[in-house]
Amino acid sequence: MASQRRFKRAFFRRHAVDVAKEMLGCHLHRRLDDGTELIGKIVETEAYTMADPSCHAYKGKTPRTEHLFGDAGYSYIYFTYGTYWCLNVVANEEEQGEAILIRGVEPIQGIEEMRKRRSKVKKDRDLTNGPGKICLAFELDKQQNKLDMIDGDVLWLTTGEMNAKHDIGTSSRIGISVAQDYPWRFYLRGNPFVSPGKLSAPHVDY
DNA sequence: TTGGTGATGTTT
DNA sequence: AACATCACCAAA
C-alpha cells in the first residue's frame, strides 16, 4: 500500500538535481472541479537551475518566471510550442530559480478520466509518457500555475512509492538546444511511462 | 521500430 | 525568432 503522506516543504528547499532524483516514485494528485481525484506515480523528472542556460530562470525574473524564484513546492506551469503545457515544481531556497520538470507519470487512480482527455490515444502507455501528455490527462493549464503542491488540495504531491527500491537511470535532458551535456534527467528504468524521447538522448549509467 | 516534420501561440 | 512537445507518416 502506497503512502499518502504529504511532503515537508523542506524536501523541495534543496538543490533541484537532488530533489529530481529523490522524488521518483512519489505520487502526483489532481482534484478535478467535479471532485474526481486523479493520481499518478512520477517515473521521470528533469532538473533546471539558474546557472543553466536552458532554464527559464537563467535570464532573471520576468512576469512569467517570477515565482520560480519564490518559495519551493509551488507549481510552475508554462505554455510551449503553441499547443502544450508543462508541469514543474519549484525547488531550492527563495531567490534560487530552480525547478523540476515532470516528464513521465504512471496512472494509479482515475485512468478512465485520463482516457477521456486523451481520446486520440490507442495504447494506455501513451496517456502520460511525456510532459505535454501529463497536462492533458490531468487537465492542467495556466489555471493551475502557482498552486501550493505541499499543502494544497487541487494539485499536490505525496511520498507514494518514493522509498521503494528503484532502478534509477540518468541521462541528459530532452528537447533543449543548450546545456545538453548536463546529466539532469532521471527515470525509473524499464517503466513503460517514461517518455519515448529518451532514445534520442545520450545515456549515462547511474 | 525509428526518424523526420508541421502545427501552434506565448515570450523575449 | 525561439521554443523543457506531440501526433502523424514513411521507410525499413
Side-chain angles (χ1 to χ4, degrees), chain A residues 12 15-17 19-21 23-24 28 40 42-69 72 74-92 96-107 114-146 149 155 169-187 190-204:
Chain A
F12 291 95
H15 196 274
V17 173
V19 177
K21 197 185 310 175
M23 72 187 283
L24 286 172
L28 174 69
I42 295 179
V43 302
E44 181 183 356
T45 58
E46 282 178 0
Y48 289 83
T49 75
M50 272 169 90
D52 157 18
S54 67
C55 180
H56 291 180
Y58 182 66
K59 293 175 182 169
K61 287 182 196 173
T62 67
R64 175 173 70 153
T65 62
E66 194 169 16
H67 67 294
L68 276 177
F69 298 86
Y74 286 79
S75 61
Y76 172 68
I77 299 180
Y78 68 91
F79 190 57
T80 190
Y81 293 110
T83 315
Y84 301 105
W85 298 89
C86 290
L87 168 65
N88 296 248
V89 186
V90 174
N92 217 326
Q96 297 294 119
E98 301 194 3
I100 325 298
L101 171 67
I102 299 174
R103 288 193 58 88
V105 155
E106 175 181 335
M114 298 180 202
R115 288 196 191 107
K116 277 188 211 167
R117 288 164 176 73
R118 304 277 297 127
S119 53
K120 293 178 200 165
V121 161
K122 296 181 183 127
K123 290 175 294 180
D124 279 352
R125 69 178 301 165
D126 293 321
L127 288 172
T128 50
N129 61 345
K133 300 175 191 180
I134 291 167
C135 288
L136 290 170
F138 280 69
E139 201 174 293
L140 298 171
D141 59 30
K142 65 181 174 199
Q143 294 182 66
Q144 287 76 38
N145 193 17
K146 306 185 194 180
M149 297 181 72
L155 181 66
T170 304
S171 82
S172 57
R173 294 169 295 175
I174 293 174
I176 54 174
S177 57
V178 288
Q180 289 165 317
D181 53 325
Y182 295 29
W184 285 359
R185 168 173 174 264
F186 306 98
Y187 58 95
N191 189 291
F193 294 93
V194 172
S195 72
K198 69 175 178 180
L199 301 172
S200 59
H203 180 266
V204 184

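Chain A is the first sequence line, chain B the second, and so forth, proteins listed ahead of strands; every chain is numbered from 1.
Using a 4.0 Å heavy-atom cutoff across all strands shown, A/K133 reaches sugar-phosphate atoms only and no base atom. Residue contacts for A/Y84: at a heavy-atom cut-off of 4.0 Å it reaches a base atom on one of the strands shown. Among the heavy atoms of the strands lying under 4.0 Å from A/N88 is at least one base atom, whether or not backbone atoms are also near. Note on A/G82: a base of the nucleic acid sits closer than 4.0 angstrom, heavy atoms only.
Atom CZ in A/R117 sits 4.5 Å away from atom CD in A/E139 (nearest 0.5 Å). The distance from atom CG of A/L136 to atom CE of A/M114, rounded to the nearest 0.5 Å, is 12.5 Å. Once rounded to the nearest 0.5 Å, the distance linking CZ of A/F193 with CD1 of A/I134 reads 11.0 Å.
When the C1' atom of B/dT10 is taken as reference, atom OH of A/Y76 falls 11 Å away, rounded to whole Å. One can place NZ of A/K120 at 14 Å from P of B/dA7, the figure rounded to the nearest angstrom. Spacing between atom CZ of A/R103 and atom P of C/dT5 amounts to 5 Å, rounded to whole angstrom units. Rounded to an integer number of Å, the gap from OH of A/Y81 to C1' of C/dC3 is 5 Å. In this structure, CZ of A/F79 is placed 13 Å from P of C/dC6, rounded to the nearest angstrom. Separating the CZ atom of A/R173 from the P atom of C/dT5 is a distance of 11 Å, rounded to the nearest angstrom. Look at CG on A/L101: it is 11 Å from C1' on C/dT5, rounded to the nearest Å. Spacing between atom CZ of A/R117 and atom C1' of C/dA7 amounts to 20 Å, rounded to whole angstrom units.
For DNA chain C, if you chain together Watson-Crick or G-U pairs that step i with j, i+1 with j-1 and so on, the runs of at least three with distances under 3.5 Å are B:1-7 with C:5-11, B:9-11 with C:1-3.
Remark: the A/Y78 side chain and the C/dA4 base include a donor-acceptor N/O pair separated by less than 3.5 Å.
Comparing A/S177 and A/N129 along DNA chain C, the residue whose closest nucleotide (by nearest heavy atom) sits nearer the 5' end is A/S177.
Residue A/R64 places its side chain closer to B/dT11 than to any other of B/dT11, C/dA7, C/dT5. Closest to the side chain of A/C55, from the set B/dG9, C/dA4, C/dA7, is C/dA4. With distances taken from any side-chain atom of A/R118 to the nucleotides C/dA7, C/dC3, B/dT12, the minimum falls on C/dA7. In the set C/dA7, B/dT10, C/dA4, C/dA4 carries the atom at the smallest distance from any side-chain atom of A/H56.
Within 6.0 Å of CZ on A/F79 lie more than 12 heavy atoms contributed by other residues, nucleotides or ligands.
In summary, the aromatic rings of A/Y78 and A/H56 are positioned with their centroids under 6.0 Å apart.
Under a 3.5 Å cut-off, the side chain of A/D126 and the backbone N or O of A/V121 do not form any donor-acceptor pair.
Residue A/T83 places none of its side-chain N or O atoms closer than 4.0 Å to OP1 or OP2 of B/dA7.
Between A/I174 and A/E44 the shortest side-chain heavy-atom distance falls below 4.5 Å.
For the pair A/R173 and A/Y48, the cation-pi test (distance below 6.0 Å, angle within 45°) is passed.
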